[in-house]
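Comments concern the structure below.
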Amino acid sequence: VSQSRYMADTTIVIGCSSEIGMAICAALINRGDHVIGTTRSGVLTFPANLGATFHLAACDATSSESISQLFHSVANLKPRHLIYCAGYHRLAPVSPISAGSLEEHLAVNFRGAIDCSRLFTSGKFSNVNLQRSITIVASIAHRVGEAGLVGYSASKAAIVAGVKVS
């Protein structure tokens with residue numbers, strides 16, 4: 001598709017405070033899209049001049065209420081794409097891993113992605129004339145694991161398994 005004939009889309013990027021999240025935002029903006037990027041606090045911890053088509057919003061991916069508020073606030077923009085790249089990892093050996101630590105990983109890396117996907121495909125965003133896409137960024141850690149990343153690897157495996165379509 002030539003750039004001159006490309007029609008701008010609106011994309012929601014959950015988790016733009018990471019390097020991969022910011023790179024995704026920059027690539028979409030360079031393509032001509034409008035981007036709603038989120039961080040847990042609604043603040044970027046590094047300077048980023050992404051221009052007028054970038055809008056920063058707060059969204060805590062561990063909170064269904066926060067996700068719902070975000071999606072309610074952007075519904076009128078008719079976003080066509082959702083990219084979920086929020087993630088959490090903490091290096092910890094297996095023996096001292098707690099249920100709380102595992103829950104933190106699952107909350108961001110799995111449940112947040114599922115909640116965002118569910119809301120993005122809900123009636124508020126349903127439009128039969130509008131093709132939409134959901135991209136969830138995972139990690140090779142789901143397959144190979146890594147020493148000290150038990151919760152992270154398990155949560156990434158859950159998301160890979162949870163989004164497979166038969």
Side-chain angles (χ1 to χ4, degrees), residues 9-29 33 35-46 48 50 54-75 77 79-122 124-125 132-166:
D9 286 332
T10 298
T11 302
I12 301 169
V13 178
I14 306 292
C16 74
S17 63
S18 68
E19 289 180 22
I20 192 167
M22 190 49 63
I24 290 168
C25 290
L28 292 168
I29 289 165
D33 284 4
V35 175
I36 302 150
T38 73
T39 67
R40 185 176 290 193
S41 65
V43 175
L44 288 174
T45 58
F46 51 86
L50 296 174
F54 177 76
H55 305 281
L56 185 62
C59 180
D60 180 353
T62 66
S63 164
S64 295
E65 182 178 325
S66 181
I67 294 168
S68 182
Q69 289 172 352
L70 170 74
F71 279 73
H72 178 74
S73 72
V74 301
L77 300 175
R80 289 190 55 196
H81 309 286
L82 168 65
I83 300 175
Y84 189 92
C85 55
Y88 170 81
H89 71 280
R90 178 177 292 162
L91 191 61
V94 174
S95 56
I97 195 166
S98 66
S101 176
L102 184 58
E103 177 54 33
E104 285 178 293
H105 285 90
L106 289 171
V108 174
N109 299 335
F110 178 68
R111 202 171 37 257
I114 298 301
D115 286 350
C116 285
S117 299
R118 182 180 44 80
L119 284 168
F120 192 68
T121 57
S122 71
K124 185 172 285 209
F125 286 92
R132 292 175 300 137
S133 69
I134 298 172
T135 301
I136 299 174
V137 177
S139 167
I140 192 66
H142 83 279
R143 182 172 290 247
V144 298
E146 193 169 323
L149 294 177
V150 175
Y152 180 77
S153 297
S155 63
K156 291 302 185 176
I159 197 62
V160 168
V163 298
K164 288 190 177 188
V165 179
S166 58

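Being a predicted model, the structure only gives us computed values, none of them experimental.
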Q.
Tell me if a side-chain donor or acceptor on Ser68 pairs with a main-chain N or O of Ser64 at a distance below 3.5 Å.
A.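 Not confirmed, Ser68 side chain does not pair with Ser64 backbone.
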Quick check: closest heavy atoms across [X] and [Y], and the distance to 0.1 Å?
X     : Y     : answer
Leu70 : Ala57 : CD1-CB, 3.9 Å
Asp9  : His81 : OD2-NE2, 2.9 Å
Leu56 : Gly42 : CD2-O, 3.1 Å
Val35 : Val13 : CG1-CG2, 4.0 Å
Ser18 : Cys85 : OG-O, 4.4 Å
Ala58 : Ser66 : O-OG, 4.5 Å

Hey, does [Y] have a side-chain heavy atom less than 4.5 Å from the side chain of [X]?
X     : Y     : answer
Asp33 : Arg80 : no
Asp60 : Thr38 : no
Cys16 : Ile24 : no
Cys59 : Phe71 : no

Straight-line distance of [X] [atom1] to [Y] [atom2], nearest 0.5 Å:
X      : Y      : atom1 : atom2 : value
Ile114 : Leu106 : CD1   : CG    : 11.5 Å
Leu50  : Met22  : CG    : CE    : 5.0 Å
Ile12  : Leu28  : CD1   : CG    : 12.0 Å
Ile36  : Leu77  : CD1   : CG    : 5.0 Å
Ile136 : Ile159 : CD1   : CD1   : 4.5 Å
Ile134 : Thr121 : CD1   : OG1   : 5.5 Å

Q.
Let's go through Thr62 and Arg40 carefully: what are the C-alpha distance in whole Å and the side-chain angles of both, what is the deciding distance for side-chain contact (heavy atoms from CB on, under 4.5 Å) to 0.1 Å, and is it a yes or a no?
A. CA-CA 9 Å; Thr62 66; Arg40 185 176 290 193; 3.9 Å; yes
Q: Output all residues satisfying side-chain contact (heavy atoms from CB on, under 4.5 Å) with Ala86, sequence neighbours left out; order by chain, then residue number.
A: Ile14, Ala61, Tyr84, Val108
Q | Selection residues 105-117 - residue pairs positive for salt bridge (Lys or Arg N to Asp or Glu O under 4.0 Å), sequence neighbours left out | A | Glu103-Arg111, Asp115-Arg118
Q: Begin from the C-alpha positions of Asn109 and Ser155 and carry the test side-chain hydrogen bond (donor to acceptor under 3.5 Å, both in side chains) through to its verdict.
A: CA-CA 6 Å; Asn109 299 335; Ser155 63; 2.9 Å; yes
